[in-house]
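No hydrogens, no waters, no symmetry mates; every other heavy atom, side chains included, goes into these values. All of these numbers come straight from a predicted model, not from anything done at the bench. One is the number of the first residue; the rest follow in order along the sequence.
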Amino acid sequence: MKSPELLAPAGTLRNLRYALAFGADAVYAGIPRYSLRVRNNEFNVLDNVAKGITEAHAAGRLFYLTVNLLPHNAKLRTFLDDIAPAVALGPDALIMADPGLIMLVRERWPELPIHLSVQANTMNWAAVKFWQSLGIERVILSREVSLDDIAEIRQRCPEMELEVFVHGALCIAYSGRCLLSGYFNHRDANQGSCTNACRWEYSVHSAGENASGEPVPLRHSEAEPVHFIEEGERPGELMPIEEDEHGTYILNSRDLRAVQHVQRLTEIGVESLKIEGRTKSHYYVARTTQVYRRAIDDAVAGRSFETGLLGELENLANRGYTEGFYNRHADAEYQNYRQASSDSVHQRFVAEVTAFDAETGMAQLDVKNKFAVGDRLELITPAGNHDFVLEKMESLGGEPMQEVPGGGWRVRIPLPRPADRFTLITRYEPA
């Protein structure tokens with residue numbers, strides 16, 4: 001079987017470097033003004049775009065530039081001039097959603113490959129053929145498409161490259177076309193400024209109606225209740241909802257985890273498997289890239305799925321996992337009503353290696369979370385992972401330490417094997 005491309009997110013140069021080190025075949029990043037990620041995005045500086053493309057190409061990998069905004073008229077006036085310097089740097093493709101912007105790009109740069117963004121909501125083979133007729137080289141299928149639908153699209157559109165998401169956050173809307181952020185605090189998700197309103201903490205308040213039929217908080221009334229929601233950071237701001245479920249995070253979707261479907265997607269012949277998360281940490285990028293790299297390599301080699309990969313992804317902060325729409329489930333499977341916050345179930349990211357002395361076997365660490373002598377740790381490297389028990393620790397001045405209380409510290413510890421600059425360390429959490 002042909003190996004699908006593993007496509008990893010790069011919101012920062014650091015994340016890009018970890019993605020490449022841990023096995024990504026390609027990375028994607030976007031200029032904030034014209035992509036759907038404004039925050040935590042270092043690629044607002046053209047020099048960083050140049051560095052990203054250069055480093056990806058030097059490693060023999062690909063760099064896709066995300067330009068998937070759904071713009072209003074005002075941005076059309078500056079669009080071509082703004083992206084021209086980035087196009088001149090040689091990205092391997094533009095990821096785009098808006099038909100108007102696609103038309104402008106094809107007129108200006110007819111040889112530049114365009115990948116159709118998931119924001120275009122492509123659900124069926126006829127839509128894929130339509131975009132193929134316009135010269136699109138790859139279609140990123142909607143998250144709402146099932147495995148069987150993907151297989152049919154592959155059969156009916158054998159010449160079109162297909163890409164699907166296999167991991168990351170799921171919008172509580174149709175492939176990202178959400179209005180919650182714009183409604184609640186006037187920051188439009190479709191312009192790149194999503195505040196993730198679906199992931200805020202809400203509490204439920206009973207409500208009734210006044211004489212005009214408007215919802216009001218219900219105090220002492222026999223009326224049939226409707227409900228208000230109150231967001232944790234906005235006490236006293238009661239928002240009416242038509243929802244009778246109780247609990248918190250009622251709008252929040254579980255996170256997509258489809259590593260168990262990598263083999264089927266590989267057999268179908270999907271060209272690219274994509275990890276969501278341009279605003280996530282370098283630890284997230286390293287861990288997800290490593291796990292999906294192993295899953296792809298196993299699938300191509302004909303090895304059976306390693307179920308332990310599911311557990312490794314549990315070690316990332318998540319809001320519970322779902323297969324998304326790859327297989328059909330009841331609605332409750334997609335919503336997280338019981339889990340009140342993100343969990344790191346088995347392990348916690350505690351440090352990264354900043355230097356290693358091969359003669360002494362001592363590594364200097366930049367500490368992220370608490371750990372202590374006697375803890376069971378895991379060394380996570382591009383070459384593979386290794387468990388060990390921490391036997392000693394010292395400050396940079398050489399004083400013995402039994403525990404480091406949290407982030408911001410720098411310490412030295414012995415490692416059981418050599419480490420490079422992409423080495424991360426996690427601590428196994430007590431049961």
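- Applying the side-chain hydrogen bond (donor to acceptor under 3.5 Å, both in side chains) rule to T423 yields the partners D420; only residues at least two apart in sequence or on another chain are considered.
- Across all non-hydrogen atoms, the minimal contact from A299 to M1 is O-CE, 2.8 Å.
- Among the candidates L116, L134, L94, the single residue satisfying the side-chain contact (heavy atoms from CB on, under 4.5 Å) test with I102 is L116.
- Of the inter-residue distances, the one linking I380 atom CD1 with R287 atom CZ reads 3.5 Å to the nearest 0.5 angstrom.
- Atoms CZ and CG, from R303 and D298 in turn, are 4.5 Å apart once rounded to the nearest 0.5 Å.
- Contact check for R376 versus D387: side-chain heavy atoms found under the 4.5 Å cut-off.
- Screening residues 92-112 for side chain to side chain donor-acceptor pair (under 3.5 Å), with sequence neighbours left out, gives H57-D92.
- The NE2 atom of H261 lies 10.0 Å from the CZ atom of R257; values are rounded to the nearest 0.5 Å.
- Residues forming a side-chain hydrogen bond (donor to acceptor under 3.5 Å, both in side chains) with E403 (at least two apart in sequence, or on another chain): none.
- Partners of R294 according to the salt bridge (Lys or Arg N to Asp or Glu O under 4.0 Å) rule, which considers only residues two or more places apart in sequence or in another chain, are E306, E312.
- Taking CG from L6 and OG1 from T288, the interatomic distance works out to 8.0 Å, rounded to the nearest 0.5 Å.
- The residues R293 and D25 are annotated as salt-bridged, a charged nitrogen and a carboxylate oxygen being separated by less than 4.0 angstrom.
- For E323 and R264, the salt-bridge test fails: no basic side-chain N is under 4.0 Å from an acidic carboxylate O.
- Under the 3.5 Å distance criterion, with hydrogens and angles disregarded, a donor-acceptor pair is assigned to the side chains of Q290 and N385.
- Looking at N369, its side chain does come within 3.5 Å of a backbone N or O of F349 through a donor-acceptor pair.
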TODO: Decide yes or no on salt bridge (charged side-chain N to carboxylate O under 4.0 Å, His left out) for E352 and R14, but give the supporting numbers first.
DONE: CA-CA 13 Å; E352 59 184 287; R14 185 189 209 183; 2.6 Å; yes
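- Aromatic pair Y321/H167: ring centres closer than 6.0 Å.
- Annotation: side chain of E55 is in contact with side chain of L16 (closest heavy-atom distance under 4.5 Å).
- For the atom pair I31 CD1 and L69 CG, the distance stands at 11.5 Å (nearest 0.5 Å).
- A salt bridge is defined here as a Lys NZ or Arg NE, NH1 or NH2 lying under 4.0 Å from an Asp or Glu carboxylate O, and R427 with E429 meets this definition.
- Distance check, rounded to the nearest 0.5 Å: CG of N121 to CZ of R143 gives 10.0 Å.
- Test Q347, H346, R348 against T426 for side chain to side chain donor-acceptor pair (under 3.5 Å) and you get one pass: Q347.
- The salt bridge (Lys or Arg N to Asp or Glu O under 4.0 Å) search around E267 returns none, not counting sequence neighbours.
- Taking each heavy atom of L415 and A363 in turn, the nearest pair found is CD1-CB, 3.4 Å.
- The nearest pair of heavy atoms linking A126 to N124 is N-OD1, 3.1 Å.
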Task: side-chain hydrogen bond (donor to acceptor under 3.5 Å, both in side chains) between S146 and D149, intermediate numbers included - done: CA-CA 5 Å; S146 70; D149 285 338; 3.3 Å; yes
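- Looking at every heavy atom in both residues, A295 comes nearest to L309 through CB-CD1, 3.9 Å.
- Between the side chain of T381 and the backbone N or O of G384 there is at least one donor-acceptor pair closer than 3.5 Å.
- Evaluation of the ring-ring contact (aromatic ring centres under 6.0 Å, His included) test over residues 1-36, restricted to residues two or more places apart or in two chains, returns Y18-H282, Y18-F422, Y34-F79.
- L396 meets the side chain to side chain contact (heavy atoms under 4.5 Å, CB included) test with Q364, R410, R412; sequence neighbours excluded.
- When the side chain to side chain contact (heavy atoms under 4.5 Å, CB included) test is applied to T54, no partner is found at least two apart in sequence or on another chain.
- Evaluation of the side-chain hydrogen bond (donor to acceptor under 3.5 Å, both in side chains) rule for Q260 yields no partner, not counting sequence neighbours.
- Counting only distance, with no hydrogens or angles, the side chain of K368 and the backbone of G408 share no donor-acceptor pair below 3.5 Å.
- When each of N68, L65, T66, I95 is paired with H115, the side-chain contact (heavy atoms from CB on, under 4.5 Å) condition holds for I95 and for no other.
- For the pair K75/R33, a side-chain contact is recorded, criterion being any heavy-atom separation below 4.5 Å from C-beta on.
- Using a cutoff of 4.0 Å between basic side-chain nitrogens and carboxylate oxygens, E152 and R156 are scored as salt-bridged.
- E271 places a side-chain N or O within 3.5 Å of a backbone atom of L162 that can act as its donor or acceptor partner.
- E5 meets the side-chain hydrogen bond (donor to acceptor under 3.5 Å, both in side chains) test with Y64, R138, S272; sequence neighbours excluded.
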Task: Check against side-chain hydrogen bond (donor to acceptor under 3.5 Å, both in side chains), T12 and R278 - done: CA-CA 8 Å; T12 66; R278 278 186 284 156; over 6 Å; no
Open item on the list: I'd like to know whether L273 forms a side chain to side chain contact (heavy atoms under 4.5 Å, CB included) with L265, so could you lay out the CA-CA distance, the side-chain angles of the two residues, the decisive distance to 0.1 Å, and finally the verdict.
Closed with: CA-CA 8 Å; L273 305 184; L265 291 167; 4.0 Å; yes
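- Side-chain atoms of Y284 and N15 include no donor-acceptor pair closer than 3.5 Å.
- Nearest heavy-atom pair across A8 and T289 is CB-OG1, 3.7 Å.
- Counting heavy atoms from C-beta outward, S117 and M96 have side chains that stay 4.5 Å or more apart.
- For the side chain to side chain contact (heavy atoms under 4.5 Å, CB included) test, no residue two or more places apart in sequence or in another chain qualifies with V389.
- When all heavy atoms of F43 and A10 are compared, the closest pair comes out as CE1-O, 3.2 Å.
- Applying the ring-ring contact (aromatic ring centres under 6.0 Å, His included) definition to pairs two or more places apart or across chains, none involves residues 123-153.
- By the 4.5 Å heavy-atom criterion applied to side chains, Y326 and V145 are not counted as neighbours.
- In this structure the side chain of K392 reaches within 4.5 angstrom of the side chain of P414, judged on heavy atoms.
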- [ ] Test Y283 against L316 for side chain to side chain contact (heavy atoms under 4.5 Å, CB included), laying out the working first.
- [x] CA-CA 9 Å; Y283 170 64; L316 294 167; 3.8 Å; yes
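- Between L141 and V118 the shortest side-chain heavy-atom distance does not fall below 4.5 Å.
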